[in-house]
Each structure stands twice: as C-alpha cells, then as structure tokens.
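Notes for the one structure printed next.
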2 protein chains.
Amino acid sequence: MKELLYLKDEQIKDFIQLLFYAYRETFSDPKEILAKNSFGPAHLRALNLIERNPGTQLGELMYQLKITKQSLNRVLRDLLKSKMIKQIKDEEDTRRKNLFLDKEGKIFFEKIYETQKKRIFNALKNSEPDSVIKFKEVLNKIINGTK
Amino acid sequence: MKELLYLKDEQIKDFIQLLFYAYRETFSDPKEILAKNSFGPAHLRALNLIERNPGTQLGELMYQLKITKQSLNRVLRDLLKSKMIKQIKDEEDTRRKNLFLDKEGKIFFEKIYETQKKRIFNALKNSEPDSVIKFKEVLNKIINGTK
DNA sequence: ATTATTAGTAAGTTATATTGACTTATTGTA
DNA sequence: TACAATAAGTCAATATAACTTACTAATAAT
C-alpha cells in the first residue's frame with residue numbers, strides 16, 4: 001500500500017464525523033414543514049426516492065432504504081392517505097404498482113426541496129465546477145465501496 | 001444570482017440522495033460489531049464524538065448530537081456499565097464530568113473504526129490531495145450553511 | 001397445476017427519541 | 001452569606017420508526 005501521508009487516520013476520522021453532520025443538517029432542514037403534515041424523516045426519505053425515481057416500486061424502495069416491507073408500508077399508507085403519492089398498476093406486470101408523486105405531493109416536495117436546496121446550493125456555488133464533479137465522485141466511491 | 005449552469009436542481013437533488021447513502025453506508029459498516037455488545041447506532045455516534053473530542057462533557061454531546069439529556073443518558077449508562085468510557089471530574093468545575101474512552105473502549109473503537117476506515121480510505125486513495133481537501137471544504141460548507 | 005413473486009396486513013417487540021417534572025451538587029453573584 | 005444558575009442525573013409516560021413472524025391475495029412464470 002502506498003504511503004499517502006495526507007490520508008491519515010485523523011483525517012479519515014474527521015470525514016466520518018463530517019458525513020454525519022452533513023447528512024443530519026441537510027435532512028433536518030424540512031423538519032417543520034414535514035411536522036405540519038405529521039410526517040417524519042421516514043416519510044422524507046421515501047418522498048426523496050420517489051421524486052428521484054418516478055415509477056419506482058415497493059420492492060425497489062425496500063432495497064434502497066434497507067427497511068422492511070412492514071416498516072415501509074406505514075409510511076406509504078400515510079403518504080397515500082394524504083394524496084402525496086399515487087400508485088399506478090404496471091401494465092406489463094399488474095402485480096407491480098408504480099409509485100409517483102401526486103399533484104399535491106409535487107407541490108409539497110418542492111417546499112421541502114427548497115429548504116434543502118439552500119444549504120447545498122450555498123455550499124457549492126463558490127466551488128469550481130471541477131470541485132463539484134470531484135465531490136460527487138468521492139461520494140459515489142464511498143457509497144459503492146470500490147476497492 | 002449568477003447562472004451556474006452546472007448547478008441545476010437535478011444535480012442538487014442528486015447530492016441530497018448521495019449524502020443519504022454515503023452516511024448510511026458508512027455508519028452501517030460497524031453494525032455487527034456493535035450488536036455483539038448490544039449497542040446500536042446511538043452508541044456509535046456517542047463513541048465517535050468522545051473519541052474525536054476526549055474530555056468532552058454531557059452538555060457538549062447533547063449539543064453536537066442534538067438529542068436530549070434523557071436520551072443521551074441511556075446511551076452513556078450503557079457505555080459506562082460496559083467500561084467503554086470513563087468519567088473524570090473536571091478539576092476547575094467539579095460539576096462537570098469529562099468523558100474519555102476507557103482502555104477497553106479504545107480497543108473497541110479501533111475495531112469499529114477499521115470497518116469504517118476501509119470505505120473512506122478506498123474512496124479517497126485514488127483521489128488527488130487537492131480533491132480530498134476540496135471534498136472536505138464542501139462538506140464543511142454544507143454543515144455550516146455559509147450564505 | 002404448481003411455484004414464485006409482489007404487494008399488503010396484523011400482532012407483538014425493541015431501540016431511540018421525546019416532554020415534563022424532579023433531585024443533587026456545585027458555581028457564580030447580589 | 002443567601003440565592004440563582006448551571007451541570008449532571010433520574011423517573012415516568014409517550015411517540016416514532018424500526019424489527020420479526022406469520023399470514024392473505026393477486027398475478028406471473030414454469
């Protein structure tokens with residue numbers, strides 16, 4: 001293993017802490033808006049994923065969120081009841097139900113997103129395009145655990 | 001506001017998702033080791049902070065973790081009972097109790113850290129020093145919410 | 001026709017957090 | 001010195017979000 005002197009344990013331990021804070025702050029921003037509808041962080045995580053992947057299905061959400069069907073069901077039931085999301089049967093396999101943001105859900109999500117956007121946008125706006133690309137690369141490498 | 005064409009909503013929404021995954025994966029790595037001692041993610045967060053800030057106090061942990069004293073107390077009680085951490089009265093203000101990893105705690109933390117280190121190290125090792133520095137800068141900006 | 005898959009539900013449990021109301025010890029101050 | 005403020009700790013009740021186990025129903029694939 002190469003000696004990467006700038007990559008000491010202290011540095012890496014710092015990154016672990018920074019990741020914790022960055023995640024927590026970003027996902028705390030929409031707390032008040034969510035609370036008005038009696039939603040919590042679990043609802044936010046589901047909404048985020050459905051917005052990013054329109055037409056996704058229950059099984060896919062389970063996999064992405066790493067939670068069980070029973071746990072996810074509570075959240076989806078809440079979101080369906082308040083018309084934030086809608087289910088549309090898949091045409092090719094009618095067992096599957098594709099999930100989309102409903103009209104009201106799109107408006108609601110934009111409100112949520114505005115609070116999160118500020119934080120990320122302000123962090124990135126003074127960075128060069130190159131830094132943003134590299135930041136994304138590193139995040140992806142952390143997630144995928146490339147050896 | 002300048003038109004930063006590379007900083008579109010789609011890009012920012014991606015970052016929000018990436019932050020979620022990066023945090024979750026990094027903090028999932030030590031799950032099995034923690035479970036052996038009946039510890040959960042809350043214990044890990046406390047251990048991480050105490051290791052990074054030896055001598056920190058209850059009030060400081062409450063502030064950093066954004067949880068209540070009652071909630072933190074359960075976690076600290078568990079960690080004290082199993083000799084992972086120790087409390088030493090502050091000499092200047094004996095109301096305060098400084099928190100440190102105990103001998104066993106240091107060994108335990110190293111085991112935990114090894115699992116987290118792999119992920120971060122592998123993500124950073126192929127990056128240039130400059131990228132690592134910029135990555136850290138962006139994370140700090142996200143946390144501190146610089147306008 | 002049988003098996004596998006996808007979605008959904010129910011009951012009971014656990015972990016983590018909350019609020020509110022206290023106690024105890026110590027420090028700082030009027 | 002008496003009093004208020006601070007730091008730590010506890011007890012009780014509650015809420016949220018997750019879990020396991022065990023089912024049902026509809027549809028698809030073999």
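Just so it is clear, the model here is predicted, and its values are computed rather than measured. Reminder, nothing fancy here: chain letters follow the sequence lines and each chain counts from 1.
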Within residues 40-55 of chain A, find the residues that approach DNA chain C with a heavy atom at under 4.0 Å, and present them sorted by residue number. none

Check this for me: does the side-chain of A:Arg95 come within 3.5 Å of the base of C:dT6 through a donor and an acceptor? no

For residues B:Glu51 and B:Tyr113, is any side-chain donor paired with an opposing acceptor at under 3.5 Å? no

Could you tell me how far apart B:Ile85 (CD1) and D:dA8 (P) are, to the nearest whole angstrom? 12 Å

Shared ILVMFWY cluster between B:Ile85 and B:Phe100, side chains joined below 4.5 angstrom? no

Residues A:Asp90, A:Arg95: salt bridge by 4.0 Å N-O rule: no

What's the angle between the local helix axes at either end of the helix from C:dA1-D:dT30 to C:dA30-D:dT1, using five pairs per end and rounding to 10 degrees? 20°

By a strict heavy-atom criterion of less than 4.0 Å, which residues belonging to residues 26-33 of chain A are in contact with DNA chain D? none

Side chain of B:Lys97 - closest among D:dG9, D:dA7, D:dA28: D:dG9

Heavy-atom side-chain proximity of A:Leu99 to A:Gln87 below 4.5 angstrom: yes

Answer whether the closest heavy-atom distance between the side chains of A:Asp102 and A:Met84 falls below 4.5 Å. no

Ignoring hydrogens and angles, answer whether the base of C:dT6 and the side-chain atoms of A:Arg96 contain a donor-acceptor pair closer than 3.5 Å. no

Assert: residue with more 5' nearest nucleotide on DNA chain D, out of A:Ser71 and A:Asp93, is A:Ser71

For A:Thr68 and A:Thr94, find the nucleotide of DNA chain D closest to each by heavy atoms; which residue's nucleotide sits nearer the 5' end? A:Thr68

Closest of D:dA28, C:dG8, D:dT6 to the A:Leu58 side chain is C:dG8

Can you tell me how far C1' of C:dT16 sits from CG of B:Leu76, to the nearest Å? 14 Å

Side-chain donor-acceptor pair present, B:Gln116, A:Lys13, cut-off under 3.5 Å: no

Roughly, in whole Å, what's the span from CG in B:Leu80 to C1' in D:dA8? 12 Å

Using a 3.5 Å distance criterion without hydrogens, assess whether the side chain of A:Ser82 forms a donor-acceptor pair with backbone atoms of A:Asp78. yes

Looking at every strand, decide which applies to B:Glu60 at a 4.0 Å heavy-atom threshold: base, sugar-phosphate, or nothing. nothing

Please find out if less than 6.0 Å separates the ring center of A:Phe15 from that of B:Phe135. yes

Using whole Å, report how far NZ of A:Lys89 lies from P of C:dG8. 10 Å

From the options C:dA10, C:dG8, C:dA21, select the nucleotide whose nearest atom is closest to the side chain of A:Gln70. C:dA10

Closest to side chain of A:Lys69, choosing from C:dT9, C:dT26, D:dC19: C:dT9

If you compare all heavy atoms of A:Lys97 against all heavy atoms of A:Gln57, which two are closest, and at what distance to 0.1 Å? O-CG, 3.6 Å

Taking only N and O in the side chain of B:Arg77, is any of them less than 4.0 Å away from OP1 or OP2 of D:dG9? no

Ignoring the backbone of A:Gln57, work out which of C:dA7, C:dT18, D:dT10 is nearest its side chain. C:dA7

